[in-house]
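The first residue in the sequence is number 1, and the count goes up from there. Quantities reported herein were computed from a predicted structural model and do not represent experimental measurements. What you see below is based on every heavy atom in this structure, not just the backbone, and it leaves out hydrogens, waters and symmetry mates.
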Amino acid sequence: MNKKTQFKVVLVKNIRKDGTYPIKIRYTENRKSYFQNTGFNIKEYEWHNAKSQVNSRHPEYQKINQEIELMMQKNMDEIIKKEEHPTADLKKIKPKSKEITIGEILNLRLENERNRANVSTEKKLNTAMNHLKVSGISKLGLSNFTVTQIKQFDTYLLVKKNISAYSRKCYHAVVRATLNEYCTENFIGYDSWNDPYRRFKGDKIGEVQKESLKGDDIHKLTEYLIFNKKKSGRRFDAACMFLFSFYTCGLRFGDVFNLLWGNIGVDGILRVTAEKNYRKLVVKLNPKQANILKYFTPLNSLFQNNFSNRIEVQNELMEQFPRISNLIDYEIKYLKIREKTQPQKYELIQQQFEEFGIYPELVLDDEETKMELQEVYEIRDELLISFLISFAENNTHKPIFPFREMKDYKPRELVFKKEASNTIVNKELKNVFDDLERPSVSFHVARHTFANLARLSADKVGDKSVKWDIYRISRALGHSSVKVTELYLRGFENVEITNAMDSFIDVMNEFYDV
């Protein structure tokens with residue numbers, strides 16, 4: 001065997017959706033490494049790093065270690081046979097069967113993603129595969145897939161399907177990743193595959209301006225919840241989920257949808273593992289979140305019935321939370337004070353929202369009333385958070401928001417339920433912002449708004465105001481790196497420049513008539 005070729009079994013730190021890591025065989029030759037997938041995936045604690053093998057914590061560790069050993073031996077034998085050809089190296093080992101086509105390679109990955117219930121990737125692959133079929137590219141052999149064919153595919157997407165530059169880039173990315181992964185795992189060298197995408201230059205994509213609400217819009221939406229008499233229905237639930245996402249570091253829809261009461265610990269900490277990149281988010285339950293979550297507990301029936309069923313609710317919750325009577329008293333005090341105050345100059349027209357029971361937005365001109373209100377809601381919020389912690393402890397497996405039902409979903413079924421719910425929520429949010437006479441936005445704008453307002457806001461540290469730095473924003477958003485956050489925030493800077501230019505033109509117009 002070539003002394004320059006080294007073999008080692010490694011656990012690749014590329015976590016899968018089920019929390020496992022793939023075991024691969026690493027081949028190193030002339031200081032270049034290639035990986036072969038063994039097909040085995042295990043938990044991190046089931047791997048013995050020093051011995052490079054599965055440890056006894058895995059129930060089938062002996063069987064797996066034996067199969068990997070046989071796999072390594074087989075590949076060693078193949079390399080030994082190649083020693084009689086000095087020009088042959090590890091990367092030029094060709095598959096014994098006839099050349100595989102582009103379509104067959106994509107189908108292999110499509111089947112794999114389908115079995116792993118990665119519906120999002122499955123959809124991208126399936127759409128890309130359909131386009132490749134119609135354009136005739138899918139029947140090409142791997143070695144015949146060149147820059148010319150990539151350009152042909154790109155032209156088809158642009159001219160025949162009128163697909164945007166960004167979407168075309170996504171299709172090319174999924175095709176390229178699939179082909180590279182297949183070639184790496186099967187040791188297909190430069191004679192069959194030399195990644196033609198390295199020489200392909202697609203259309204440049206301009207920076208996308210991200211949508212973001214203003215602080216005033218968030219305030220209006222909060223008032224929408226407080227003075228909505230119905231306190232139920234999909235429209236109300238959608239508004240609650242949007243605001244909750246904003247007040248929870250811009251939590252993505254999938255993570256909000258998956259939330260269970262069990263995510264709230266007895267210490268009052270909300271713990272979430274991001275569905276997209278598995279990063280852990282830890283947020284202390286705050287009053288803004290608490291005043292949204294209360295609408296998804298038995299307390300909501302009090303607001304819906306104007307507190308007429310107080311005795312029934314108290315009796316139901318007394319055992320879980322002995323101070324429930326005090327909490328209800330302070331809820332009533334808070335609402336009474338709010339109803340006595342005066343509307344602001346940009347008030348909502350009450351008649352327009354009669355169906356939803358929306359009252360004009362409120363402002364406090366009286367200093368004494370302001371102090372009284374502050375004292376009331378501070379005590380109320382403290383009691384409310386204590387109640388929610390107690391309620392969460394007794395309902396750990398119950399979903400917080402009603403779009404996810406309390407039942408055991410199969411992986412694919414859960415993904416489709418989540419995507420259908422996201423569509424419904426976005427539709428209802430349009431109605432909410434129509435009610436508030438604001439431009440409609442999607443759920444993801446809650447995340448944009450948090451990022452943008454966090455960037456512009458400042459914390460008080462002693463007598464000084466300290467701005468949120470990019471590292472703090474990156475951690476709050478759960479980004480994998482600060483570079484991702486920099487790109488994320490750049491879209492808001494473009495909007496600021498546009499707005500600044502509009503203001504500049506208005507100032508210039510004051511000097512002369514246009």
Side-chain angles (χ1 to χ4, degrees), residues 210-253 255-257 259 283 285-296 299-300 303-304 331 334-335 338-339 341 343-350 352-364 373 377 380-381 384 400-403 421-422 424-457 476 492 495:
K210 288 185 168 64
E211 290 182 282
S212 172
L213 300 181
K214 297 179 180 178
D216 180 60
D217 297 322
I218 294 296
H219 181 62
K220 294 273 188 185
L221 192 56
T222 303
E223 299 290 299
Y224 180 92
L225 299 185
I226 293 173
F227 296 106
N228 187 314
K229 286 183 178 179
K230 290 186 176 181
K231 297 287 194 297
S232 64
R234 285 180 168 179
R235 190 177 302 188
F236 180 80
D237 295 341
C240 285
M241 292 175 76
F242 184 93
L243 266 184
F244 184 84
S245 169
F246 170 76
Y247 286 121
T248 315
C249 302
L251 209 59
R252 297 180 183 91
F253 180 83
D255 299 322
V256 176
F257 174 84
L259 280 177
V283 180
L285 196 61
N286 60 57
K288 295 293 187 184
Q289 295 167 326
N291 279 286
I292 296 168
L293 294 179
K294 69 184 179 184
Y295 298 126
F296 302 94
L299 284 178
N300 194 33
F303 302 106
Q304 291 173 339
E331 281 286 5
Y334 173 81
L335 290 174
R338 292 301 309 270
E339 287 172 2
T341 52
Q344 285 185 339
K345 59 182 180 181
Y346 47 85
E347 68 182 49
L348 304 175
I349 301 172
Q350 186 170 347
Q352 185 177 351
F353 301 104
E354 189 173 349
E355 179 187 351
F356 304 104
I358 304 298
Y359 290 88
E361 190 169 351
L362 307 171
V363 68
L364 297 172
L373 179 61
Y377 73 64
R380 179 207 59 180
D381 291 345
L384 181 57
I400 291 180
F401 297 104
F403 286 94
S421 299
N422 194 2
I424 293 169
V425 167
N426 284 334
K427 182 179 177 181
E428 294 298 341
L429 283 174
K430 182 181 183 303
N431 295 328
V432 169
F433 285 99
D434 284 346
D435 293 342
L436 298 174
E437 295 183 334
R438 293 289 193 273
S440 60
V441 296
S442 68
F443 184 91
H444 201 70
V445 172
R447 185 170 175 82
H448 291 176
T449 304
F450 166 77
N452 190 33
L453 295 185
R455 181 177 66 93
L456 299 173
S457 67
F492 302 121
V495 174

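With sequence neighbours excluded, no residue satisfies ring-ring contact (aromatic ring centres under 6.0 Å, His included) with Phe403. Legend: residues meeting side chain to side chain donor-acceptor pair (under 3.5 Å) with Gln289, ordered by chain and number and at least two apart, are Thr248, Asn286. Residues that satisfy the ring-ring contact (aromatic ring centres under 6.0 Å, His included) test with Tyr334, not counting sequence neighbours, are absent from this structure. Under the salt bridge (Lys or Arg N to Asp or Glu O under 4.0 Å) criterion, Arg252 pairs with no residue at all, not counting sequence neighbours. In this structure, the ring-ring contact (aromatic ring centres under 6.0 Å, His included) partners of Phe303, at least two apart in sequence or on a different chain, are Tyr295, Phe307. For the ring-ring contact (aromatic ring centres under 6.0 Å, His included) test, no residue two or more places apart in sequence or in another chain qualifies with Tyr247.
Residues Phe296 and Cys240 have side chains in contact (heavy-atom distance under 4.5 Å, counting atoms from C-beta outward). Within the 4.5 Å cutoff, the side chain of Leu453 has no heavy atoms near those of the Lys214 side chain. Residues Phe236 and Val432 are not in side-chain contact: their nearest non-hydrogen atoms beyond the backbone lie 4.5 Å or more apart. The closest side-chain heavy-atom distance from Glu211 to His444 is not below 4.5 Å.
Taking every heavy atom of both residues into account, Lys231 and Asn300 meet most closely at O-ND2, 2.8 Å. Annotation for Pro287 and Asp381: closest pair CB-OD2, 3.4 Å, computed over non-hydrogen atoms. Between Ser442 and Phe242, the shortest heavy-atom contact is O-CE1, 3.6 Å. Taking all atoms of both residues into account, the shortest heavy-atom contact from Val283 to Cys249 is CG2-SG, 4.1 Å. What you find for Val445 and Ser212 is that their closest heavy atoms are CG1-CA, 4.2 Å. For Phe257 against Ser421, the heavy-atom pair with the smallest separation is CE1-OG, 3.5 Å.
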Apply side chain to side chain contact (heavy atoms under 4.5 Å, CB included) to Val441 and Leu429, showing your working.
CA-CA 7 Å; Val441 296; Leu429 283 174; 5.7 Å; no
Derivation and outcome, side chain to side chain contact (heavy atoms under 4.5 Å, CB included), residues Thr222 and Ile292
CA-CA 9 Å; Thr222 303; Ile292 296 168; over 6 Å; no
Using side chain to side chain contact (heavy atoms under 4.5 Å, CB included), reason through Arg438 and Asp216 one step at a time and then give a plain yes or no.
CA-CA 11 Å; Arg438 293 289 193 273; Asp216 180 60; 3.1 Å; yes
Derivation of the side chain to side chain contact (heavy atoms under 4.5 Å, CB included) call for Leu221 and Phe433:
CA-CA 8 Å; Leu221 192 56; Phe433 285 99; 4.3 Å; yes
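Counting only N and O atoms by type, the side chains of Asn291 and Arg380 include a donor and acceptor under 3.5 Å apart.
The CG atom of Asn431 lies 5.0 Å from the CD atom of Glu428; values are rounded to the nearest 0.5 Å. Summarising the geometry, atom CG belonging to Leu384 is positioned 8.0 Å from atom CG belonging to Leu285; distances are rounded to the nearest 0.5 Å. Atom CE of residue Met241 and atom CG of residue Leu251 lie 10.0 Å apart, to the nearest 0.5 angstrom. Rounding to the nearest 0.5 Å gives a distance of 14.0 Å between NZ of Lys220 and OH of Tyr224. Here Glu223 contributes atom CD and Ile218 contributes atom CD1; the two are 12.5 Å apart, rounded to the nearest 0.5 Å.
Using a cutoff of 4.0 Å between basic side-chain nitrogens and carboxylate oxygens, Asp255 and Arg447 are not scored as salt-bridged. Under a 4.0 Å N-O distance rule, the pair Lys430/Asp434 qualifies as a salt bridge.
Under a 3.5 Å cut-off, the side chain of Asp217 and the backbone N or O of Leu213 do not form any donor-acceptor pair.
In summary, of the residues considered (Phe244, Phe253, Phe401), a ring pair (Phe, Tyr, Trp, His ring centres under 6.0 Å) with Phe443 occurs for Phe253 alone.
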